[in-house]
Chemist: 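Mind having a look at this structure? Questions to follow.
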Amino acid sequence: MASATKSPSNPLVLVDGSSYLFRAYHVPYLQALSTSYGQPTGAITGVLNMIKSLQKDYPDGNIVVVFDAKGKTFRNEMYAEYKANRPPMPDDLRTQIAPLHDIIGAMGLPLLVIDGVEADDVIGTLANQASNLGMETIISTGDKDMAQLVTAHVRLINTMTNVEMDEAGVLEKFAVRPDQIIDYLALMGDKVDNIPGVDKCGPKTAAKWLAEHGTLEQVMAKASSVKGKVGEHLRNALSHLPLSYELATIKLDVDLPENVQDIKPSEIDYEKLITLSTQFELKRLLTETQQKIKQTSTIQNELPEKHNELKVDTNNYQTILTQTDFDTWLEKLKAAELFAFDTETTSLNYMDAELVGVSFSVAEGEAAYLPVAHDYLDAPEQLNRAHVLATLKPLLENPDIKKVGQHLKYDKNVLANYDINLQGIAFDTMLESYVLNSVTTRHDMDSLAEKYLGQSTIHFEDIAGKGVKQVTFNQIPLDKASPYAAEDADITLRLHKVIWRKLSEEKDLVNVFKEIELPLSPVLAKMEQFGVLIDSQKLAQQSQDLAVRILELEKEVHTLAGEEFNLGSPKQLQEILYKKMDLPVLKKTPKGAPSTAEEVLQELAINYPLPKLLMEYRGLSKLKNTYTDKLPKMINARTGRVHTSYHQAITATGRLSSTEPNLQNIPIRTEEGRRVRQAFIAREGYKIVAADYSQIELRIMAHLSSDKGLLNAFATGQDIHTATASEVFDTPLKEVSIEQRRNAKAINFGLIYGMSAFGLSKQLNISRFDAQKYMDLYFERYPSVLTYMESTRQIAKEKGYVSTVFGRRLYLPEINASNGMRRKGAERAAINAPMQGTAADIIKKAMLAVDDWIDTLPNDDVRMIMQVHDELVFEIKEHKLIEYKNKIISLMEQAVQLDVPLTVEAGVGINWDEAH
DNA sequence: GCACGACCCTA
DNA sequence: GTAGGGTCGTGCT
């Protein structure tokens, strides 16, 4: 044995990929590796590191990587029990194989995966061919069985331990010659592969016998003369030893697509390597690839021809300061089939944002920034904003001039404040990325550039600073602002090309993008711009009332506790409750501290006075801090209304989210909470109409599962929870008790959330056993629901994603995770996503239909002002209130056609609370 | 000044 | 048991 010695000039290096894959998978520090979205990458990293090390040790070597194929091999046919004791490949290893193959392929290394045989056999065949041709061959493996392949020309190297073995090495290690290894292995058998050998015969005995008799055949012939227990074992093994010998023999004559001398590396696919290393967050591979690209392009640049210099130059960005340059670019924009467009402003809030400049890109690397309002000291003279906008207006408003942008809803809103109605939005990279895969990345431009282009962009913080020292865009010098702004447009166009190519491959996704997300964006913009009217006086009064009550509660609590403390601090509260007052600890937080959460307080409130007061305190201070104090502050001075932002590319499932303020979590469950809703009012002469889908997710479950009982219950218009209770508890509809209905409701909700018996038992405060009984009963009555749940889980595991009725996809990176908690969590998400996601699709389609209808109305009679997942809220003029309300109900109910009817309930009121 | 956990509001 | 956002207190930089 010797450590890696100098290699022959250009050896054939055969890599046993599968053996390294398994070994790397079990290395602790590699096991910890995974992407930010939960895809394990330890085994990939391990194998790549190993290949890298081989490339370093054998710079001129011809590296060929061999993997086991999926499925059975000829050895299984020979011996049904072969490897029967092996557990199936863990899912978190399986998911690493395809990416690893892709990466190795992109590295240009020949990759062999041959059906019906193992990697050993392919390596054996290649080594044999090479050895016959007198080629120096190195087999890189961690598998001792390969020692049988060692010859004068063939050596083994274990790249993980860096131990190399030639013929002498084999003899030293195993005390038998390479040509005796098969005999040696047959005698010992192999527990892991389930190959029978001679009982109690280990390496020592096997080597001893082979030293005495030379071959297995001779050992068997002399079996009768072997004394003692071992002799007996040997004689017992005689009948199966020939089979063991055969199983241990590596094939040398596998049918291969190419002969060894014809296997050559191919070109390195840098682009693919960048994509893959970015996708799987393989930092080292990414850096090395980028370095190699740099080296390669440097070499190209050093070539005498300079004709491609312009092409390579990615900094061909212009700053437009003169009318002449502006005119030139206007022509470019008009001539372009599609151009990228971006605005630079003073604020992320579209209502406050002032336009500072615009940027364009018409081709990769060809971009310009047109500043109009930089006003730092010594700022150069710029074109006049009003003039620029007036000139651009016809272009920007022309629906036939196609634009692409990143999150253009924002730009559309900003431009609306300058009386420009941005049209011709053909693509939006944020939405493209979101539809393509909602979960593997955030959808901001910096993240997208990293993921899809493998490029790091100039970040806003790089040029504007951060924290309190951050300046607004008008303060940023043009030498910094221009490259940033032009790059935004340039990158957007590049991103569009890459993402759209991927998206185009999936018809369903293109459909979701074109028919739902892209047209929805301007509808949301309209809702945001219009805003919601808030009665700030009413909220101010509520705040005052709340303040009084909160102060009272604080005093009472302090008295009970015997000291003053901050009721808002869970930490201080813990001290008081569990240390000072010595209350029982019912539950702990994930970090191990005793919990003071609502459900705990509720339990404690039965026996102690303080928790009850605290619950009231919490409820009221939440109300005051989050709603009654904050909402009036969000009123825009110009419009007198509140303008939320609807985020279209945040949630995994396709729902919208709302911020600044969040209008999707306004209280409704308690009386005090509902008062906040009373402050959501309509303009003079208008009323609030709130229309919501009833039981939409359960209806979708009925549609998706095609369950007869469930479909029938909806078709006949029954109260679904009562109907469920009637079935599950075998009670006539009319005799269903309140308690039974409540339980049925919990089951129904649980199903939507992918529940377990454990979860249901907690929800209903019953035993796990009873919960399981309920669930069993449910599935007995609605068997197709069970089938649907199971097949959804199955599909998720196989494909890695689930889909909505309209083809939207949700990827579940952790669906095959080895961590049980994570896997189970992904399974629940897989169950929930098609229902929640389809509901999101439906209301989005309804919004489009309603918006189309609103556009046909002559006056400003109807305004869609809010969306809360299954509810749309409108401001409607009083004169045709009922007619319009009914029209909206019908549009929402007919928005899509499912196997169940959709029903919408709508209410009217002078405020949002009354409209419910 | 910022990130994070605990808590609580919604569908 | 699903999907979100906002506020507060706390502890680190």
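Predicted model only: the values in this text are computed from it and were never measured. FYI, side chains are in, hydrogens and waters are out, and symmetry mates aren't considered; it's all heavy atoms of this structure.
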Chemist: Between A/R674 and A/E671, does at least one N-O distance fall below 4.0 Å, as a salt bridge requires?
Modeler: yes
Chemist: Reading DNA chain C in the 5' to 3' direction, which nucleotide is the first one with an atom under 4.0 Å from a heavy atom of chain A, and which is the last?
Modeler: C/dG1 to C/dG11
Chemist: Quick one: does A/H703's side chain get under 4.5 Å of A/F714's, heavy atoms only?
Modeler: no
Chemist: Describe the nucleic acid contact of A/G750 in one word from base, sugar-phosphate, nothing, applying a heavy-atom distance below 4.0 Å.
Modeler: base
Chemist: If you measure from the Lys or Arg side-chain nitrogens to the Asp or Glu carboxylate oxygens, is any gap between A/E697 and A/R655 under 4.0 Å?
Modeler: yes
Chemist: Report yes or no: is the cationic atom of A/R828 (NZ for Lys, CZ for Arg) closer than 6.0 Å to the six-membered ring centre of A/Y753, at no more than 45° off its axis?
Modeler: no
Chemist: Any base atoms under 4.0 Å from A/F758, or only sugar-phosphate, or nothing? Heavy atoms, all strands.
Modeler: sugar-phosphate
Chemist: Using 30° and 60° as the class limits, which term best fits the ring planes of A/H443 and A/Y434: parallel, tilted or perpendicular?
Modeler: perpendicular
Chemist: Does A/A839 reach a base, just sugar-phosphate, or nothing at all? Heavy atoms under 4.0 Å.
Modeler: nothing
Chemist: Base, sugar-phosphate or nothing for A/I650? Non-hydrogen atoms, less than 4.0 Å.
Modeler: sugar-phosphate
Chemist: Looking across every strand, which nucleic acid part, if any, lies under 4.0 Å from A/D692 by heavy atom: base, sugar-phosphate, or nothing?
Modeler: nothing
Chemist: What contact category does A/T651 fall into here, base, sugar-phosphate, or nothing, at under 4.0 angstrom with non-hydrogen atoms?
Modeler: sugar-phosphate
Chemist: Can we say A/K555 and A/E552 salt-bridge, meaning some charged N sits less than 4.0 Å from an Asp/Glu carboxylate O?
Modeler: no
Chemist: Checking side chain to side chain contact (heavy atoms under 4.5 Å, CB included) against A/L573, which of A/N566, A/L567, A/L614 comes through?
Modeler: A/L614
Chemist: Does the ring pair (Phe, Tyr, Trp, His ring centres under 6.0 Å) test come out yes or no for A/F729 and A/Y774, once each step is laid out?
Modeler: CA-CA 8 Å; A/F729 304 115; A/Y774 286 178; 5.2 Å; yes
Chemist: So what does A/A826 touch, heavy atoms closer than 4.0 Å: a base, only the sugar-phosphate, or nothing?
Modeler: nothing
Chemist: Quick one: pull up OG in A/S595 and CG in A/L601 and give me the separation to the nearest 0.5 Å.
Modeler: 7.5 Å
Chemist: Treat primed atoms plus P, OP1 and OP2 as sugar-phosphate and everything else as base, then score nucleotides 4-11 of chain B 5' to 3': B for base contact with protein heavy atoms under 4.0 Å, S for sugar-phosphate contact only, - for none.
Modeler: -SSSBBBB
Chemist: Over all strands shown, is A/E660 touching base, sugar-phosphate only, or nothing at heavy-atom distances under 4.0 angstrom?
Modeler: sugar-phosphate
Chemist: At under 4.0 Å between heavy atoms, what does A/K762 touch on the DNA or RNA strands: base, sugar-phosphate, or nothing?
Modeler: sugar-phosphate
